[in-house]
Structure formats: structure tokens, C-alpha cells
Amino acid sequence: MENKKKSYIETYGCQMNISDSEIVASILETLNYESTSDIKTADLILLNTCSIRDNAEQRVRNRLNELHSLKRKRPGLIIGLLGCMAERLKDKLLEEERHIDLIVGPDGYRQLPQLLEQVESGQKAINVLLSADETYADINPVRTGGSGVTAFISIMRGCENFCAYCVVPYTRGKERSRNAQTIVKEAKELFENGFREVTLLGQNVNSYNWEENGDKIGFPALLEQVALVSPQLRVRFATSHPKDISDELLEVIASHENICRSIHLPIQSGSTRTLEMMKRSYTREWYMDRIAAIKRIIPDCAITTDIIAGFCAETEEDHLHTLSAMREVAYDYAYMFKYSERPNTIAAKKYPDDVPEEVKSRRLDEIIAMQQELSLKSNKLDVGKEFEVLAEGVSKRSDQQLFGRTSQNKVVVFPRSSYNAGDYVKVKIIGCTAATLKGELLTV
Ligand code: 5AD
Ligand code: SF4
């Protein structure tokens with residue numbers, strides 16, 4: 001048999017990128033590449049990059065510097081950049097980073113065979129065309145990482161919300177939904193292969209909309225179809241935009257036990273004035289109405305969020321509104337960031353980035369401290385309760401312990417006994433930190 005070449009993909013940024021890397025790995029397999037986790041043996045190194053904040057890009061630049069020396073030692077090595085940074089900087093990157101051979105944007109992965117051929121013939125290769133309809137619907141991703149228990153399914157691509165701070169509409173292009181049948185088929189195959197949890201992914205999943213032969217399938221209907229694959233298959237989704245999280249969707253979640261009780265609903269700011277400048281298209285009151293609907297329709301639902309500290313013109317009063325909104329919702333978990341101006345976004349063009357760095361840092365620290373308090377409080381409320389946990393693997397701290405997640409997406413560590421990854425295990429919570437629950441077995 002012909003010797004296989006080895007590819008190594010390093011993924012930065014969001015879950016979408018993890019999913020895209022699995023699509024890329026699948027395309028590379030058809031080119032006689034097999035994935036390796038040992039970068040030193042790789043013939044092809046791809047960085048799947050993120051542009052969401054400046055520090056995400058800096059991390060990739062630093063990595064590229066390290067790879068430079070690897071390339072000097074092995075001149076035949078091919079180095080490529082994929083994803084959002086490739087899309088944002090295009091051929092500028094080839095000038096700035098001379099040892100890069102290949103640049104491919106998020107909609108160009110099908111061109112990899114031709115592009116790699118070009119590189120092998122001694123030229124640089126680039127494809128950063130965005131597409132109106134590429135969804136990679138027919139490509140069966142290679143599940144490279146993970147434990148074989150949980151998997152991502154990409155259901156839509158792109159974003160047209162144009163939040164003022166955000167680079168994504170420019171790097172990932174127009175919103176488009178993937179054929180529903182291929183999504184359900186992928187979920188079925190994953191289940192048959194032993195997976196027990198799928199996360200449906202898109203920049204804005206509740207805008208999902210697929211039309212075929214006059215039939216329209218929106219996100220609630222799609223979610224239900226995936227939930228019906230098996231009661232033993234957990235279903236999650238991310239991310240939802242508050243503007244269109246409907247009661248219909250919440251009712252679908254409530255009526256299927258295997259749709260997880262966890263909603264990620266980025267608020268970004270608790271100040272209506274700031275939200276307006278961010279072009280988020282909802283007010284604080286609208287957002288709180290959606291939170292009330294979640295708590296009414298799915299009372300045991302965990303709620304998580306994204307928050308940006310120090311957006312343009314944010315005053316101390318705006319910041320206090322964010323802290324009070326966090327307390328009002330009592331988030332179970334939050335991803336928290338300092339505002340980072342991204343070139344060419346609406347905010348970059350319209351508003352000065354005028355909150356001083358030390359003020360941004362102090363506000364972010366206050367937001368993190370608030371969330372720490374809320375997460376601990378939320379976890380303490382779980383002590384004494386019973387949960388069904390999907391085991392995902394052996395705990396990092398001890399091989400006598402497994403870790404897994406509750407439907408609410410909280411991590412639980414519990415005794416291994418004779419359980420394995422992929423098992424559903426009934427546990428009682430006996431302790432916690434702000435980050436983890438500790439459980440004991442209810443059934444042995
Ligand atoms: N600066 C800081 N945070 C940002 N996010 C998006 N763009 C920026 C930016 N320019 C955050 C938002 C989003 C999450 C994925 O990243 O909170 O929901
Ligand atoms: Fe980063 Fe956003 Fe691109 Fe994901 S979509 S890789 S978070 S810039």
C-alpha cells in the first residue's frame with residue numbers, strides 16, 4: 001500500500017471551528033492524508049484560526065513563529081492557515097508570514113485537493129471566496145478528537161446579524177441552512193456508532209430555515225426530529241440569539257427529555273443604551289422577558305451567557321446595569337471578554353474605542369467575580385439533588401473517578417465503579433466548587 005502522508009490540524013476559536021476541522025480532516029482523507037496528533041511527524045500542518053478578538057489572532061501569530069523553525073528544519077513541510085483569520089487577512093498573510101504555503105477561508109475547504117496540488121508544485125495557494133450556499137452537507141466529518149461520546153453537527157453557517165463589534169459576518173459570510181435530512185442522518189449514524197450526545201451548531205441556530213418541495217423546516221421542527229432519533233441520544237444546541245428564541249422552541253425542549261436543559265443566550269450587556277449601540281436588536285426588557293419565558297416553560301433549565309466589558313462609550317452606569325442583569329438572571333455560567341476592536345466592523349468605523357484599558361480590565365474583573373459568586377450559588381443549590389449524568393471519560397485527577405455532564409451541562413465527577421464513557425449514570429450531588437459538582441452513585 002502507498003505510504004500515507006500525515007496531517008496535523010490545530011484548532012482555535014469556537015465549536016464551529018472544531019466542527020470545520022473535522023470536515024477538513026475528512027477531505028484530507030480522500031487525498032491519502034491521515035490525521036496525526038504528533039506535530040513532529042506531520043507533512044502538512046494546518047491552523048484553523050479565529051479572529052474574534054485581537055488576542056485570538058496574536059496566539060496564532062506566535063504559533064506561526066514557532067512553526068517557522070520547524071519548517072527550516074524540514075523544507076518539504078506544508079503550512080496552511082484556515083478559518084476566520086485566513087478570510088479576514090487574505091493574501092496580506094502571505095506577505096507578512098513568508099513561511100505560509102496555503103490560505104483557505106471557511107467556505108473554501110472543498111478546493112483543498114487543487115490547492116495542495118498547487119503547493120506541491122512549488123506555488124503558494126489561496127482561496128478565500130465566500131459562498132452563498134456551501135454547507136458541506138454531504139461531507140461526513142472525521143471525529144478526530146473526543147471520547148466517542150459527544151459530537152458536533154453543523155446545521156447552518158454564516159451570520160447576517162452584523163452586531164457592531166463582531167467580525168463574524170465578514171469572515172463567515174451569508175447565513176445558510178443545511179439540508180435537514182442530512183442532519184438527521186448524521187445524528188442517526190453517530191448514535192449507531194456509540195455517540196450519546198450531539199450539539200447542533202450554528203452562529204444563530206434559531207434562524208435555521210430549510211425549504212424543500214414546499215416543506216419548511218424551522219429550528220424547533222429540526223430539533224424535534226433530531227431528538228426523535230433515540231431517547232438515549234442527548235441533544236444540545238448553540239448559539240441562540242435572544243431576538244428569536246421563541247416560546248415554540250422552548251415548548252419543544254420542554255416536551256423531550258433528551259433535549260438538554262441548558263440554553264446559551266448571550267446578553268453581551270445589561271444596558272439597553274449599550275445594546276442599541278451594539279446593534280443587538282433587543283432591549284434589556286425584551287431579554288428579561290425571554291429569560292422569564294425560559295424559567296416558566298422549562299423550570300429546571302440552566303442559562304449561560306456571553307458578556308463584553310468596556311464596549312465603546314460604556315459608562316459606569318451601563319456597567320452596573322450589566323452586573324445587575326447578571327444577578328437578575330442568576331446565570332449558571334458565563335463567557336466574559338474585554339471588548340477588542342476589530343478592523344472594519346461597524347463599531348470600528350463608527351465609534352472610538354474609548355474605554356481605557358485599565359477600566360475595561362477592572363470592569364471585566366468585577367463581572368468575573370460576580371459570575372464566580374453566581375456559579376457557586378447555582379452549584380450549591382444542586383447539592384442533595386439527583387441527576388442522570390452522561391459519562392464522558394476518566395477524570396484528570398484520578399483514574400478511580402469518571403466525569404460527565406448533567407442535562408444542565410454541569411460537569412460532575414463521580415466514582416468509576418464499573419461504568420464507562422457513554423453510560424448514563426444516576427448520581428446524587430454531595431459537594432461542589434464553582435466549577436464542578438461532586439457526585440456519589442445511586443445505582444451500582
Ligand atoms: N470583542 C470582545 N468580545 C467579542 N465577542 C464577539 N466580538 C467581540 C469583540 N470584538 C464575544 C461575544 C460573542 C462571543 C463569541 O465573543 O460575547 O458572543
Ligand atoms: Fe472565531 Fe467567530 Fe470565526 Fe468562530 S466564527 S472562529 S469565534 S471569529
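Numbering of ligands and ligand atoms starts at 1, following listing order. Predicted model only: the values in this text are computed from it and were never measured.
Under a 4.0 angstrom heavy-atom cut-off, Gln15 registers as lying outside contact with ligand 2.
Nearest protein heavy-atom contact of atom 2 (C) of ligand 1 is Lys338 O, 3.3 Å. Nearest to atom 7 (N) of ligand 1 among the protein's heavy atoms is Tyr165 CD1, 3.3 Å. Summary of contacts: the protein heavy atom closest to atom 15 (C) of ligand 1 is Asp306 OD2, 3.8 Å. The shortest contact between atom 6 (S) of ligand 2 and any protein heavy atom is with Asn17 ND2, 3.4 Å. The nearest heavy-atom contact from the protein to atom 12 (C) of ligand 1 is Gln268 OE1, 3.4 Å. Distance from atom 11 (C) of ligand 1 to its nearest protein heavy atom, with residue and atom name: Arg53 NH1, 3.3 Å. Shortest contact from atom 10 (N) of ligand 1 to any protein heavy atom: Ser340 O, 2.8 Å.
Because the distance cut-off is set at 2.8 Å, Cys50 fails to qualify as a neighbour of atom 4 (Fe) of ligand 2, as none of its N, O or S atoms comes that close. Between atom 1 (Fe) of ligand 2 and Cys84 there is no N/O/S contact shorter than 2.8 Å.
Those atoms of ligand 2 that come under 4.0 Å of a heavy atom in Ser51, given as number and element, are 1 (Fe), 8 (S). Per-residue contacts place Tyr339 under 4.0 angstrom from the following atoms of ligand 1 (heavy atoms of the residue considered): 1 (N), 2 (C), 10 (N). Residue-ligand proximity, Arg342 to ligand 1, at heavy-atom distances under 4.0 Å covers atoms 10 (N). Remark: ligand 2 atoms within the under-4.0 Å shell around heavy atoms of Ile52 are 1 (Fe), 2 (Fe), 7 (S), 8 (S).
Looking at Met16, Arg172, Arg342 and measuring to atom 5 (S) of ligand 2, the nearest heavy atom belongs to Arg172. When the options Gly83, Pro169, Cys14 are ranked by their closest heavy atom to atom 4 (Fe) of ligand 2, first place goes to Cys14.
Judged by distance alone, the side chain of Arg59 and the main-chain N or O of Cys50 form no donor-acceptor pair under 3.5 Å. Without hydrogens or angle criteria, Arg88 side chain to Arg342 main chain gives no donor-acceptor distance under 3.5 Å.
Here Ile52 has heavy atoms under 4.0 Å from ligand 1 in both its backbone and its side chain. When non-hydrogen atoms are compared, ligand 2 lies under 4.0 Å from the side chain of Val168 (C-beta onward) but not from its backbone. If you look at Gln203 next to ligand 2, the close heavy atoms, those under 4.0 Å, all belong to the side chain.
Counting non-hydrogen atoms of neighbouring residues, nucleotides and ligands closer than 6.0 angstrom, the CD atom of Glu212 exceeds 12 such neighbours.
Between Glu341 and ligand 1, no N or O atom pair is found at a separation short of 3.5 Å.
Under the side chain to side chain donor-acceptor pair (under 3.5 Å) rule, Thr182 has a single partner from Arg178, Lys185, Glu186, which is Arg178. Checking each of Lys360, Glu366, Arg363 against His319 for a side chain to side chain donor-acceptor pair (under 3.5 Å) leaves exactly one that passes, namely Glu366.
Side-chain contact check for Thr11 and Ser21: at least one donor-acceptor pair (N or O, by modelled atom type) lies under 3.5 Å. Side chains of Glu57 and Ser51: a donor on one and an acceptor on the other come within 3.5 Å. When only modelled atom types and interatomic distance are considered, Glu285 and Tyr287 share no side-chain donor-acceptor pair under 3.5 Å. Residues Asp107 and Ser131 have side chains that never bring a donor and an acceptor to within less than 3.5 angstrom of each other.
Taking the centre of each ring, Tyr170 and Phe162 come in below the 6.0 Å mark. Aromatic ring centres of Tyr335 and His264: separated by under 6.0 Å.
Ring orientation note: the planes of Tyr109 and Tyr136 are close to parallel, at an angle under 30° on the 30°/60° scale.
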